Amino acid sequence: MKYWSQTFIPTLKESPADAEIASHKLLLRAGLVRKLGGGLYTFLPAGLRVMQKISQICREEMDREGAIELSMPFIHPVENWTDGTRWAAAREIMYRVDHAGAGKGRSKEPEFVLGPTHEEVITPLVKSEITSYRDLPKNFYQIGTKFRNEIRPRYGLMRAREFVMKDAYSFDVNDESAIASYNKMKRAYTAFFSRCGLKAIAVEADTGVMGGSYSHEFMVPAPVGDDDIVYCEESGYSANREKATSGIVPKDLADASPAGALEEFPTPGIVTIAALAAAPHNVAPDKQFKTLVYMGDGKPFLVVLRGCDDLEEAKLGALGFQLWRQATPEEIEPVMGAKPGSLGTVRGSIKNPAALAGIFADHAIRLVGNGTTGANKDGFHLRNVNVVRDLELTRFGDFRTVRAGEPDPKSGAPLKIARAIEVGHVFKLGTKYSEKFGAVYTDDQKQSHPMVMGCYGIGISRTLQAVIEQSNDADGIIWPWQVAPWQVLVVNLDPQDAAATELCKKLALAAESAGADVLVDDRAERPGVKFKDADLIGVPLRLTVGGRGLKEGIFEMKWRTSKDVAKLAIGDAEKLVAESVRSAASKA
RNA sequence: CGGGGUGUAGCUUAGUCUGGUAGAGCGCCUGGUUUGGGACCAGGAGGUCGUAGGUUCGAAUCCUAUCGCCCCGACCA
C-alpha cells in the first residue's frame, strides 16, 4: 500500500507544449515521465511501476517458453562491431564513447560504443561457451536499456534515443529447430501483448539491416504509428507495407507483343511522369516506364517501375547491397547520358552500361506491355517500347509499393492499409552472425556446423506508451488491470477524519490481500481535484470514502471504464472489495 | 541531413509586425472563507525574455551567428 502524499505523482492540468499525441500528453500529465532532452526521459515513480509490471509480464512469458535471462553490458568494445557484419550500417546509429577522463587519447577510433542491440555480444559469448549439440538449443534474453542515435526522436517514448527493450537470441542446431524456437517466441509475444491489454497483430516484415531469412513484426493499430500494415480479412494476409505484395500482376499474364516500331520523339522540358501525362503527349502514367538510379555500395544500379507506381525502398534490400541510396544527378549523367527525367533502359541507349551493378525491373511493368520511356537524351523520349523486345533488364523482382484496394495475392479480395506502431519484432537470422563470429557446434558425427540463430525484440517502453495510446479518454489514461501502476485507488475525501482514514486503511488492506496494488489518496485536496487526478492517472478501480457516506454507512466503488458509481454498505466492505479485485484479476 | 515551426516564471501563454525598460491564467507561499468533479477573497515570492554578438539614446521586439525543442521526410523496438 502506498500513500499519495508519500510518493511523487506530479500531475498537470495542462499539456506541455511539446507533446502532440494523446499518449505523449498523458505520459506527462499523469506524472509518469519527465523529459531530460530529445528522446531522453526520466521515469517517475508511477511510470517506473508500469515499466516494471510490463517487464515482469514479459519475463514470465519468456520463461514460459524456456528462454534464459541474463544481462549484458551497455558499453561494448568497438571491436565487437568492427569485426561484425554490419559496422557500416550500425555505426550510423551508435553512440560512441571516448576514453574517460582527460587521458592521453591514444587511439583515433573510439574504443567503446553504447549498445544499440546485442548480437555482437551474445554471439561471441555463445561461441566460447557452447560447442556441443548436447547444449543446444538455447535462447538467452535480457531486459535493459538500448542506445540508438535515432535520426529523429519522436512522440516521447515512442521513438527515443535511450529506451528499454527486451531482446532475446536463440541458437539452434538446424533450421527445423530454429523455426521451432522462432515459433515459441511468436507464441510468447502473442501472450505478452495480450496480457498487457494490447491488441497487437503479427505481420510479415522486412528484415532490414538485421538481415536474415524472414521475420514478423507485432503491430498495434494506431493512427499515430510509423508503419503501414497491409492486410486482407478474407485471406488473413497481413504484412508491413515495406514487405507487402499484391496480386496486381496475374500469374498467367502473357507478355504483350510489340505494338510498332520504336520511335523517338522530342519532349523538351518534360522531366516528370505527370508532365508527360498531360497534353500534348497524353501518355497515361501506367503506360510509362519510370527509371530510377540508385547507388549500391558505391556502384550505380537501375530500378524500372510503371510510371504510376512508387518504389518501396526497403525492397531493395533483396538485391544484396549493404548500403544503398538515391544517386545524385552528377552521378547519373555520366552513366546514363542524360539527366533525371529523360532516363530509360532501352537496349543501346545507356551511355555506359558497364558501370551498372544491374537493372532491376518490377514485375508490374509487364502490365505496361508497350509504353513510353526516356531516351537517355535530354529532351527526348521513346514510344512503342516493348518490355520483352526493347528493355535491357538484369532481372525482375518486387519493388513497388502496394496500394489499398489492390487484390490480395491469394483471395483476390481488396487489400486494406492501416497505420500501426511496431512494438515487437522476431527475426529468423540463419547463420549470418554465427558464421561471422565462429559460433559453431559439433554434432554427434563429430562434424562442425554454424549455429542457426534467431533474434527477438520487444520495445518495453514503447509498449508502455502504446498501451496509453490505445486506452485513454478525455479524462486521462485507462490502464488495463495487469499493467496499471496501482490497480486500486482508495480516495479519502476527509483525511483529517479518523473514521474515514480508518475505513480507507481497511479497504486498502482488503484489496491488497486480494492481490491488488493499492494507492491511497490521503492528500489535503478538495474532492474535485482528487477525482480529476484519479481519472487522469487511470487506476482501474476507485474506492471513495467520505464523511457524508460514512454517516449513511456506505462507501463508493467505481471502475475507470464505467460512469456508474456503486454505493456499498460498509459492513460488507472487505468482502465486496476482495471479490471485485479477484474478479478483475481473473478477467485480465 | 533536407523542409517547416518555435524558444518570455515550474506549466499554458500575451506582448514581437509598428523598438520606450515584461503582463495574465494555472501552480507555489501566507491569512481567511470554503469542502462530493480541477473553489473564492486578500496579500506575496518567482522572469539575465534560449545564448553570443551587432544596430540604436534605448532591444523580448530589428540584424547576424549559434544552441535547444517540436512537426513533415529517410531509419527503428
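Sequence lines set the chain letters: A, B, ... in the order given, protein chains first and strands last, and positions in each chain run from 1. All values derive from a computational prediction rather than experimental measurement. Below, all heavy atoms of this structure are taken into account, side chains as well, without hydrogens, waters or symmetry copies.
Counting non-hydrogen atoms under 4.0 angstrom, A/Arg542 reaches a base of the nucleic acid. Heavy atoms of A/Gly549 sit under 4.0 angstrom from at least one base atom. Contacts of A/Gly457 with the nucleic acid, taken as non-hydrogen atoms under 4.0 Å apart, involve only primed sugar atoms and P, OP1 or OP2. As judged by a 4.0 angstrom heavy-atom cut-off over every strand, A/Met219 is placed among residues making no nucleic acid contact. Contact annotation for A/Ala160: base contact, defined as any heavy-atom pair under 4.0 Å involving a base atom. Contact annotation for A/Asp167: no contact, since no heavy-atom pair falls under 4.0 Å across all strands. A/Val423 comes within 4.0 angstrom of sugar-phosphate atoms only, judged by non-hydrogen atoms across all strands, and of no base. Nucleic acid contact class of A/Asp494 (heavy atoms, under 4.0 Å, all strands): none. When heavy atoms are screened at a 4.0 angstrom cut-off, A/Ser15 is found touching the sugar-phosphate backbone but no base atom. Residue A/Lys530 is out of contact with every strand shown, counting any heavy-atom pair closer than 4.0 Å. Heavy atoms of A/Gly459 sit under 4.0 angstrom from at least one base atom.
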Could you run down the sub-3.5 Å N/O contacts of the protein with nucleotides 23-26 of chain B?
| from | atom 1 | to | atom 2 | distance (Å) |
| --- | --- | --- | --- | --- |
| B/G25 | N2 | A/Glu14 | OE1 | 3.1 |
| B/C26 | O3' | A/Lys13 | NZ | 3.2 |

Return the polar atom pairs (N/O with N/O) between nucleotides 71-74 of chain B and the protein under 3.5 Å, or none.
| from | atom 1 | to | atom 2 | distance (Å) |
| --- | --- | --- | --- | --- |
| B/C72 | OP1 | A/Arg154 | NH1 | 2.8 |
| B/C72 | OP1 | A/Tyr155 | OH | 2.9 |
| B/C72 | OP2 | A/Arg152 | NH1 | 3.1 |
| B/C72 | OP2 | A/Arg152 | NH2 | 2.6 |
| B/C72 | OP2 | A/Arg154 | NH1 | 2.6 |

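With A/Trp479 contributing its side chain and A/Ile537 its backbone, the two residues share a donor-acceptor pair below 3.5 Å.
Across all strands shown, the partner of B/G68 is B/U6, judged by Watson-Crick or G-U wobble contacts whose two distances both fall under 3.5 Å. Remark: B/C49 base-pairs with no nucleotide; criterion is Watson-Crick or G-U wobble with both hydrogen-bond distances under 3.5 Å. With a 3.5 Å ceiling on both atom-pair distances, B/G27 lacks any Watson-Crick or G-U wobble partner. When both distances must be under 3.5 Å, the Watson-Crick or G-U wobble mate of B/G20 is B/C57. Pairing of B/G73, defined by two Watson-Crick or G-U wobble distances under 3.5 Å, is identified with B/C1. Nucleotide B/C40 is matched to B/G32 when pairs are restricted to Watson-Crick or G-U wobble geometry with both distances under 3.5 angstrom.
You'll find that the side chain of A/Met165 is closest to B/A77, out of B/G36, B/A77, B/G38. Checking B/A77, B/C76, B/G36 against every side-chain atom of A/Phe163, the shortest atom distance belongs to B/A77. Of all nucleotides listed (B/G36, B/G37, B/U35), B/G36 comes nearest to the side chain of A/Glu556. In this structure, of B/U35, B/C76, B/U13, it is B/U35 that holds the atom nearest to the side chain of A/Arg526.
Salt bridge status for A/Asp362 with A/Lys315: absent, with no side-chain N to carboxylate O gap under 4.0 Å. Between A/Glu556 and A/Lys567 there is a salt bridge, with a side-chain nitrogen of the basic residue lying less than 4.0 Å from a carboxylate oxygen of the acidic one. A salt bridge is absent between A/Lys243 and A/Glu312; no separation between the charged side-chain nitrogens and carboxylate oxygens falls under 4.0 Å. The pair A/Glu331-A/Arg325 meets the salt-bridge criterion, since a charged nitrogen lies less than 4.0 angstrom from a carboxylate oxygen. Note on A/Arg86 versus A/Glu119: salt bridge recorded, some NZ/NE/NH1/NH2 to OD/OE distance being below 4.0 Å.
Separating the C1' atom of B/U6 from that of B/U51 is a span of 16 Å, rounded to the nearest Å. Comparing B/A9 with B/A14, their P atoms are spaced 12 Å from each other, to the whole Å. Separating the P atom of B/U21 from that of B/G38 is a span of 40 Å, rounded to the nearest Å. Comparing B/U61 with B/G7, their P atoms sit 12 Å apart, to the nearest whole Å. For B/A22 and B/G15, the C1' atoms lie 8 Å apart once the distance is rounded to whole Å. Nucleotides B/G50 and B/U12 are separated by 14 Å at their P atoms, to the nearest Å. Taking atom C1' in both B/U33 and B/C49, one finds a spacing of 38 Å when rounded to whole Å. Rounded to whole Å, the separation between the P atoms of B/U55 and B/C40 comes to 50 Å.
Closest-nucleotide positions on RNA chain B for A/Glu242 and A/Asp535 were compared, and the one nearer the 5' end corresponds to A/Asp535. With the nearest nucleotide of RNA chain B identified for both A/Lys567 and A/Lys35, A/Lys567 has the one nearer the 5' end.
A ring-centre distance under 6.0 Å is found for A/Phe321 and A/Phe301.
Going from atom CZ of A/Phe531 over to atom P of B/U35 covers 15 Å, rounded to whole Å. In this structure, CD1 of A/Ile201 is placed 16 Å from C1' of B/A77, rounded to the nearest angstrom. Per the geometry, CZ belonging to A/Arg523 stands 10 Å off P belonging to B/C28, to the nearest Å. Straight-line distance from the CG atom of A/Asp497 to the P atom of B/U35: 15 Å, rounded to whole Å. Atoms CZ (A/Arg161) and P (B/C69) sit 6 Å apart, rounded to a whole Å. Across the protein-nucleic acid pair, A/Asn149 atom CG and B/C1 atom C1' stand 12 Å apart, rounded to whole Å. The distance between atom CG of A/Asn492 and atom P of B/U35, rounded to the nearest whole Å, is 17 Å. Going from atom NE2 of A/His216 over to atom P of B/A77 covers 16 Å, rounded to whole Å.
The side-chain heavy atoms of A/Leu32 and A/Ile477, taken from C-beta on, include a pair separated by under 4.5 Å. You'll find the side chain of A/Ile458 reaches within 4.5 Å of the side chain of A/Thr463, heavy atoms only.
Side-chain contact, A/Asp63 with A/Tyr141: a donor N or O sits under 3.5 Å from an acceptor N or O. In summary, the side chains of A/Ser55 and A/Gln52 do not present any donor paired with an acceptor at a separation below 3.5 Å, with no hydrogens or angles considered.
Put simply, A/Arg548 has a side-chain N or O that comes within less than 4.0 Å of OP1 or OP2 on B/G36.
The ring pair (Phe, Tyr, Trp, His ring centres under 6.0 Å) test with A/Tyr182 is passed by exactly one of A/Tyr169, A/Tyr189, A/Phe427, A/Tyr214: A/Tyr214.
Using a 30° and 60° split on the angle between ring planes, A/His76 and A/Trp81 fall in the parallel class, below 30°.
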